[in-house]
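Since the structure is predicted, the reported quantities are computational estimates derived from the model, not experimental observations.
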Amino acid sequence: MHRLASALVVLLVSSTLATASPKAGADPLPDGVAAAFAGIVSVRVHEVVKIPVFRNGRFLREPVEGLGAGSGVVVSTDGFILTNAHVVAGSTDVTIGTTDGRQIGARVVSVDEASDLALLRAAAGGLHPIAFAEDGLPGPGTTLFVLGNRADLGPEVGWARMGTHERVRAGARPIEFWAEVLAPIGPGDSGGAVVDAAGHLVGVPSLLVAYTGEAERSGPRSSGLFIPARHARRAMNRMMDGPQAAWPWIGLLLDDPLIVQSQGGPWDPARGAVVRRVFPGSPAAEAGVLQGDRVVAIGARPARDDFEALDAVLDLTAGRETTLAVERDGRRIDLKIAPAPRPADPRPDPIDDFALHTGLRLANVEGKEGRGTLALAGMSSRTRRDLPEYEAVLFDERPALVSILPGQNALAGLTRRLSVLSSGDLGSIIERCFVEEQFVALAHWDFGGRKTLDRAHVHRKVYPVVL
């Protein structure tokens with residue numbers, strides 16, 4: 001599970017998954033899959049998306065306007081359709097295409113950006129829903145089928161197999177439940193369906209996986225990530241209640257592979273769900289949870305790892321009291337806690353956040369004339385490997401972080417860099433570095449002896465595990 005997270009790069013690309021050759025041979029299509037095929041639609045949108053880029057020493061936000069295409073899966077006889085949020089992001093007009101050749105207008109009913117899911121409703125009837133699988137995820141190697149609007153050529157069927165990783169940590173969304181599918185999937189399958197031989201919905205394909213390191217040397221393979229049906233149905237039920245899916249939270253940031261690896265350390269999943277930060281004013285803070293506590297149960301459900309803990313919290317009801325069991329100093333403590341509505345984007349400590357997005361770890365040190373400053377404390381091995389050699393040598397001198405030009409300022413045409421002398425300064429700046437689901441910043445480093453360096457950072461926004 002976590003080994004995969006350390007050996008892949010996940011790309012969230014509108015309507016895109018990995019590309020591979022179609023399955024050889026002419027295996028007969030199971031009757032259940034053939035019936036489910038009628039429940040797949042193509043989703044075409046007119047969209048305008050602004051993308052931040054760093055070019056010729058400047059940050060720019062370039063608008064991209066055009067037609068996007070993805071897939072959708074019919075989930076009810078009255079025209080409700082489940083798809084990915086990123087398929088309809090920025091859309092001004094949505095049209096679905098059915099397997100019988102009809103083009104039908106549709107509207108976006110609700111969006112769950114946190115899970116990358118959206119609910120549409122078609123303006124006409126006569127659609128055939130696909131039933132959700134009831135038995136959880138199948139075992140590795142189980143034959144599956146990917147149904148989607150591949151390459152925007154209309155709905156198609158592709159053979160697949162269940163991957164070995166049922167739970168993958170990627171940091172691509174605030175609420176993550178991904179599983180691996182090995183399949184010849186391609187552009188346009190996002191928002192479609194992964195079904196079993198009976199034609200039941202196993203999940204919604206959403207992300208491209210690009211392998212690096214050991215996985216790459218062992219040979220290429222076609223692989224993507226899908227949202228399991230259990231969470232897709234849970235999110236759909238939340239979206240039925242309003243234009244934005246509302247989730248509960250208790251206010252805990254957990255240690256996870258992405259944060260630990262940004263520090264250059266190994267991830268040990270055997271530690272369980274360990275509290276890294278208690279958000280001030282949250283239900284967890286009021287209940288008395290402390291940093292370093294290990295969450296062992298939420299209500300009647302065990303929490304043996306980050307996934308189980310998050311899964312249990314998302315099934316709670318805001319305002320309804322439950323019991324949170326933690327292990328502290330070797331003993332179990334049961335705490336009463338009442339979940340609250342989840343904030344839009346709870347972020348970690350600013351130093352953790354900076355490390356997540358740059359791979360550069362900071363620490364508070366005493367600077368010139370006794371003033372505090374933030375200096376480089378270390379970097380992940382991947383970050384050092386990716387630096388140009390002259391920069392890598394410079395950063396070995398542990399420079400101080402002097403200022404940051406955040407993306408929101410830069411893209412608004414404001415070029416004044418903001419001073420960074422403490423983690424408080426960093427915290428006030430870093431939230432302005434998030435633009436269009438990306439981290440965009442220009443950091444100014446001081447190496448002493450009149451040596452300075454400006455380093456641009458434009459990366460995918462990374463989310464930690466927050467309960």
Between [X] and [Y] (side chain of the first, backbone of the second, donor and acceptor by atom type, cut-off under 3.5 Å), is there such a pair?
X      : Y      : result
Ser115 : Leu117 : no
Asn84  : His86  : no
His357 : Val462 : yes
Gln291 : Val278 : no
Glu180 : Ser223 : no
Asp293 : Val289 : no
Asn149 : Gly70  : yes
Arg460 : Gly171 : yes

| Who passes side chain to side chain contact (heavy atoms under 4.5 Å, CB included) against Ser419, sequence neighbours left out? |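 Per chain and number, Ser419 pairs via side chain to side chain contact (heavy atoms under 4.5 Å, CB included) with no residue.
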Is there a side-chain contact between [X] and [Y] (heavy atoms, below 4.5 Å)?
X      : Y      : result
Tyr463 : Asp345 : yes
Leu376 : Leu401 : no
Phe395 : Leu453 : yes
Val202 : Val195 : no
Pro138 : Asp196 : no
Leu253 : Ile259 : yes
Met162 : Phe226 : yes
Cys433 : Ile404 : yes

| Val275 and Val295: side-chain contact (heavy atoms from CB on, under 4.5 Å), yes or no, with the steps? | CA-CA 7 Å; Val275 176; Val295 179; 4.1 Å; yes
| query | Passes side-chain contact (heavy atoms from CB on, under 4.5 Å), Leu418 versus Asn409? Steps please. | reply | CA-CA 10 Å; Leu418 305 177; Asn409 287 18; 3.9 Å; yes
Between [Y] and [X], is there a salt bridge with N-O shorter than 4.0 Å?
X      : Y      : result
Glu391 : Arg455 : yes
Arg169 : Asp306 : no
Arg173 : Glu113 : yes
Arg230 : Asp315 : yes
Arg347 : Asp352 : no
Arg294 : Asp329 : no

| task | Start with the C-alpha distance between Arg271 and Asp255, add both sets of side-chain angles, then the distance that settles salt bridge (charged side-chain N to carboxylate O under 4.0 Å, His left out), and finish with yes or no. | result | CA-CA 9 Å; Arg271 293 180 64 216; Asp255 261 341; 3.1 Å; yes
Please report the closest heavy-atom contact between [X] and [Y], naming both atoms and the distance.
X      : Y      : answer
Val466 : Arg342 : O-NH1, 2.9 Å
Asp425 : Ser428 : O-OG, 2.8 Å
Ile175 : Trp247 : CD1-CD1, 3.5 Å
Pro406 : Arg432 : CB-O, 3.6 Å
Leu254 : Ala273 : CD1-CB, 4.0 Å
Ser423 : Asn364 : N-OD1, 3.9 Å

| request: Step through the shown structure and confirm whether more than 12 heavy atoms of other residues, nucleotides or ligands are within 6.0 Å of CZ on Arg331. | output: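 Atom CZ in Arg331 is not packed in, count stays at 12 or less.
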Roughly how far, to the nearest 0.5 Å, is [atom2] of [Y] from [atom1] of [X]?
X      : Y      : atom1 : atom2 : answer
Leu82  : Ser71  : CG    : OG    : 12.0 Å
Thr358 : Met379 : OG1   : CE    : 9.5 Å
Leu182 : His165 : CG    : NE2   : 8.5 Å
Glu176 : Leu310 : CD    : CG    : 9.0 Å
Leu394 : Glu389 : CG    : CD    : 10.0 Å
Leu316 : Ile250 : CG    : CD1   : 7.5 Å

| Hey, mind stepping through Val260 and Asp268 against side-chain contact (heavy atoms from CB on, under 4.5 Å) and telling me if it holds? | CA-CA 9 Å; Val260 171; Asp268 179 11; over 6 Å; no
| request: Using distance alone, with no hydrogens and no angle criterion, decide if Asp334 and Thr323 have a side-chain donor and acceptor under 3.5 Å apart. | output: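 Per modelled atom types, Asp334 and Thr323 side chains form no pair under 3.5 Å.
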| side-chain contact (heavy atoms from CB on, under 4.5 Å) assessment of Lys451 paired with Glu397 | CA-CA 11 Å; Lys451 290 184 295 184; Glu397 299 178 19; 3.0 Å; yes
| query | Taking it one step at a time, do Asp311 and Arg234 satisfy salt bridge (charged side-chain N to carboxylate O under 4.0 Å, His left out)? | reply | CA-CA 10 Å; Asp311 193 45; Arg234 175 168 57 184; 2.8 Å; yes
| request: Give a yes/no verdict on a cation-pi contact between Arg361 and Phe354, requiring under 6.0 Å between NZ or CZ and the six-membered ring centre and an angle within 45° of the axis. | output: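 No; the conditions do not both hold, so Arg361 does not lie above the ring face of Phe354.
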| said: Please confirm whether the ring centroid of His457 lies under 6.0 Å from the ring centroid of Trp445. | reply: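 When the ring centroids of His457 and Trp445 are compared, they turn out to be at least 6.0 Å apart.
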| message | Leu426 and side-chain contact (heavy atoms from CB on, under 4.5 Å): which single residue from Asp349, Asp353, Leu362 fits? | response |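 Testing each of Asp349, Asp353, Leu362 against Leu426, the sole residue satisfying side-chain contact (heavy atoms from CB on, under 4.5 Å) is Leu362.
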